[in-house]
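Below is one structure; the comments refer to it alone.
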Amino acid sequence: MGTTVLCDLDQFERDVLPLLPPEKLQYTLPTDAVDQAKATLSALFYKGGKKPREVKEDHIAETVVDKVLEKIAFPSKYKVALSRFKYDSSDPSRAKVDAAIYPEDRVPSDEAPDWTHCRFLIEFKKGDTKYDPWNDDKSKNVEAERESRAAARAQLIAYARNVFLYQQRTALFTLLIIGDEFRVSRWDRSGVIVTKKVNYSKDPKRLLEVLWHLVQLDEEQQGIDPSATLIEKDSKAFKIMDWLAAPNSELDMDFEERKRVNAECPPTPYTHSDPYATEVDPELDPIVPVDDDPRVFKYVREKFRDSLVPGWPRYKLRVGPEGRIFLVGKPIFCSSTMFGRATEGFIAVEARTRRFAFLKDSWRPFYEGVEPEGTYLEMFARDVPEMIVPVVLCHGDVAEQCAFAAVYEADPKRRKKESLEASQANVTRANHGTKRARPEDEQEAADVATPTEGTVGDNGTLRHHIHYRIAVKDVCLPFESFKTTEQFIRLMCDCVQTHALAYERKGLLHRDISAGNVLILPRVGTNRAGKEVVSWHGVLTDWELAKEIQEDASQAKARQPERTGTWQFMSVAYVHLQCSLPVAVADELESFFHVLIFYAVRFLPHKIPEVSAFVSAYFDTFQPDGKCGRRCSQVKYTAVHSRDLRFAQGQTLTFLKTTREPGNPLNGLIRKLRRLLNARYRVFYFEVESGIKELGTAVSSESALGAAATDTTSLDLKSDGESSEDPGSERVSDESSDDESEEDTETDPNSDSDSDSETDAETAPTTKTRELAERLDHHAVVLKIFQRTIASKRKSSQKHLWKDTGITPDKLINYEPRIILANEIRASYQTGSRTTGSQAKRLKSSARAVATSSALAKLSKAGSSSGIP
């Protein structure tokens, strides 16, 4: 089903379009406008008014806009403008939607789309099924799978996302005209509600009535968020933002770790000056004095200045029950997806205090028992004071704004009616036999579909989301800002420690450990000499998916119909069980291990020649598990299960010093973590094969374990002429370990047998292996490994090991996470290799799971530049 809800136009008008107020019902569509449109369209699509003819897309667009829509005197002051061949100069995607409807005083004059002010989008396609993104036939998937049709849908999704990115929106209405037929759509963060096609060439009244209705809706009914106010260029708020973006030598501080603070703290309470005091804005005045330190790290002001992009809109956003106002420019990060949580992060200025803050705007999961992130951060600050978390200023759901598509889809009466129609259609097909598919149908079945992941629950229904904002005092640095190996390990240790405190003190599991949810929080402290210095702390963020662990497992219940976490960093076990069991501490600690590898391979020296290929193979690739589910890549599996961290042709992942010499202490830490993970998977796969663990999907040992020698997704990570092993790697790892006894981790679970055959899932793990595996059920041993590694730098006998352990430039530029089907499966599927019937069905299902919203974005970008209409 994907992200689409299909209905007919009558249903859409009755249940989806907002009602007009009584005073506007008197404005009816003029009869003469309908008659004139009918004559114009008849001449366009029919020769002599009877014989249909093929019409080019450009001709359709120009005729409909210039000769039909422009001739209608809309009751509200709106105009239609074409924008087929130019793009907005502020838009990095260079998107060119065919046309849009604007308020009369906001119509662009340069023939480019104005994403900030458009109210409704109109896209034109020539009259051919291959450009129609959706199927009306109930016997088919509503989201058409043929490549050209999926590309057209991706294009529309990209346009909708652009509107949501530029504007503060709750919904968007669009019109798709395909030859002489049209569809109306309503987009929000849960999905899109789309009408079945209706012919408008012979009777354009239905098309014109929809547009007539839309332009009479008020701004909120049209999907504009009333809790956000567009800041005009000549306003006081706009000028204040420019003024605060300029460097301030009195308040700006250096932020590098261990640096002396270069700006003295002024007396508090501190009142910011107002260079525009003569201009009055009741939402900005009077200024409220700041009770705490008003200084700001330089990077915060710099990031705020960078967010004030020329041509990009600025907004006043209201946050929390009290509606505190924050001024924002362009988000410093935003989700690549149209659907789902759609998180955006802003460097913001609180209007009344003139203080910088970080503001996160998202559509959080809306289910019983799922608490917003701010609730957890406030609880941690109150009950676990030693936990380092950002300070919450305010937070709350935004005016009870829920994504309507999921609500509409869940309507039982509508679902009951459509289920009845579908069953009748199936009976009809069964009575007449199954017809042979047309060539186009066969092609559709073979093309890879492009569903958007992240918004459809495991039960096939759209997920429910509610609009949420949170503002925090602290603005963090991205995690890739670390400068040395030691700093990297220490920051990772901080995040594991935070996870441990949340679990041990509050019984919470985070459930989304990923590279994007670890940050660096600089803070000002005092050294032994009494001087102010900067210290960096690793911070674990994004707690909205956290869940309290029930003491009685029978009390645990699903709160939302979806799997939890970020695919790239999920544990191998969690994926293997098809997410059928709750996330456990061991899964989360393994996710930290994958995050560690992700950042280390990007920023530390090593011997892997192609980092982008390695990251794609390790994190993004999946393989079918035999029952239309999926399991992680062979590379990721090898990392946690094999004796050595080897990949293709014996290549071992070994981190080096910046001199390219062996001996980076990170190797020792990774080796010790992997010993625990090795033990865990010896036990795990034995229990799976023995039926001790319940599987969501049964998987054979051959399918589950695989063989590295036959896995074609593993990469050739060995450069020409290189040895397959670093001769000093094991020696260096041993030297970097603590002098104390390390029986907690030193026993190698693979040493229980002289033969590698003992790694077979049929061999029972030894008692020692089980004991090692159980040490991942709590945090103590993992934290000890991190802490001992960090402490070794202070030992005179091991200080030399930390020399030349800085970082290198990022080796993974412009990385965009995506889920990729294993290469050997894709090759077999696309080349028509011989498969059994069940294999073909499984491969088709897997292929349809390949494309994510990232792929959709790429398709839409390709479409706008390579001739996709």
Side-chain angles (χ1 to χ4, degrees), residues 9 29 32-72 79-86 95-101 111-113 120-137 144 146-156 159 173-185 194-212 214 438-440 443-444 859-860 862-869:
L9 185 58
L29 187 64
D32 58 343
V34 177
D35 293 339
Q36 184 178 353
K38 185 175 181 179
T40 300
L41 294 171
S42 179
L44 175 66
F45 289 108
Y46 299 94
K47 294 179 181 179
K50 295 182 179 179
K51 186 177 181 180
R53 60 181 172 189
E54 184 176 340
V55 186
K56 293 183 178 180
E57 179 183 310
D58 290 349
H59 196 188
I60 299 173
E62 291 165 2
T63 302
V64 171
V65 171
D66 296 336
K67 297 182 180 180
V68 176
L69 301 184
E70 277 296 298
K71 301 299 182 181
I72 301 176
K79 292 286 186 180
V80 186
L82 288 167
S83 51
R84 294 178 53 76
F85 306 111
K86 293 185 178 181
K96 295 172 288 189
V97 68
D98 288 335
I101 299 178
E111 298 183 348
F120 315 102
L121 303 183
I122 305 175
E123 181 67 10
F124 293 91
K125 303 291 181 189
K126 64 183 295 186
D128 193 322
T129 303
K130 69 179 181 180
Y131 299 127
D132 184 359
W134 295 287
N135 282 314
D136 290 347
D137 187 342
R146 182 175 179 177
E147 188 172 358
S148 63
R149 302 180 72 178
R153 186 168 63 256
Q155 195 175 37
L156 296 180
Y159 292 158
F173 291 95
T174 65
L175 179 67
L176 173 62
I177 293 180
I178 313 165
D180 59 357
E181 297 176 303
F182 75 93
R183 296 183 187 272
V184 188
S185 306
V194 181
T195 67
K196 297 176 181 178
K197 288 186 293 189
V198 175
N199 188 291
Y200 67 95
S201 62
K202 295 183 178 179
D203 183 8
K205 185 176 181 180
R206 298 299 301 274
L207 170 63
L208 299 178
E209 282 180 336
V210 169
L211 294 176
W212 191 267
L214 289 174
R438 300 193 307 270
E440 178 178 309
Q443 177 62 38
E444 278 190 23
L859 276 172
S860 64
S864 62
S865 60
S866 62
I868 294 179

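Note that the numbering runs from 1 along the sequence shown for the chain. The model shown is predicted, which means the values in this text are computed figures rather than measured ones.
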For residues [X] and [Y], determine if any side-chain heavy atom of one lies less than 4.5 Å from a side-chain heavy atom of the other.
| X | Y | result |
| --- | --- | --- |
| Lys126 | Tyr131 | yes |
| Ile101 | Ile122 | yes |
| Leu156 | Trp134 | yes |

Practice task
Going by the salt bridge (charged side-chain N to carboxylate O under 4.0 Å, His left out) test, name the single residue among Arg206, Lys197, Lys202 that passes it with Glu181.
Solution key: Lys197
Under 3.5 Å, side chain of [X] to main-chain N/O of [Y], donor-acceptor pair present?
| X | Y | result |
| --- | --- | --- |
| Ser83 | Val97 | yes |
| Asp98 | Phe124 | yes |
| Arg153 | Ala144 | yes |
| Asn135 | Asp137 | no |
| Arg146 | Thr129 | no |
| Ser42 | Lys38 | no |

Return all side-chain donor-acceptor pairs below 3.5 angstrom for residues 61-72, not counting sequence neighbours, or 'none' if the list is empty.
residue: Thr63; atom: OG1; partner: His59; partner atom: O; Å: 2.8
residue: Glu70; atom: OE2; partner: Val80; partner atom: N; Å: 3.3

Roughly how far, to the nearest 0.5 Å, is [atom2] of [Y] from [atom1] of [X]?
| X | Y | atom1 | atom2 | value |
| --- | --- | --- | --- | --- |
| Gln155 | Lys96 | CD | NZ | 10.0 Å |
| Leu41 | Gln36 | CG | CD | 10.5 Å |
| Asp132 | Leu176 | CG | CG | 6.5 Å |
| Asp180 | Leu44 | CG | CG | 9.0 Å |
| Leu208 | Tyr200 | CG | OH | 10.5 Å |

Exercise for the section: Among Thr174, Val198, Asp136, find the residue that satisfies the side-chain contact (heavy atoms from CB on, under 4.5 Å) test when tested with Arg183. Expected result: Asp136
Practice task
Taking all non-hydrogen atoms of both residues into account, name the closest pair between Tyr46 and Ser201 and its distance.
Solution key: OH-OG, 3.4 Å
Handout entry: Geometric class of the Phe173/Phe120 ring pair [parallel <30°, tilted 30-60°, perpendicular >60°]
Key = tilted
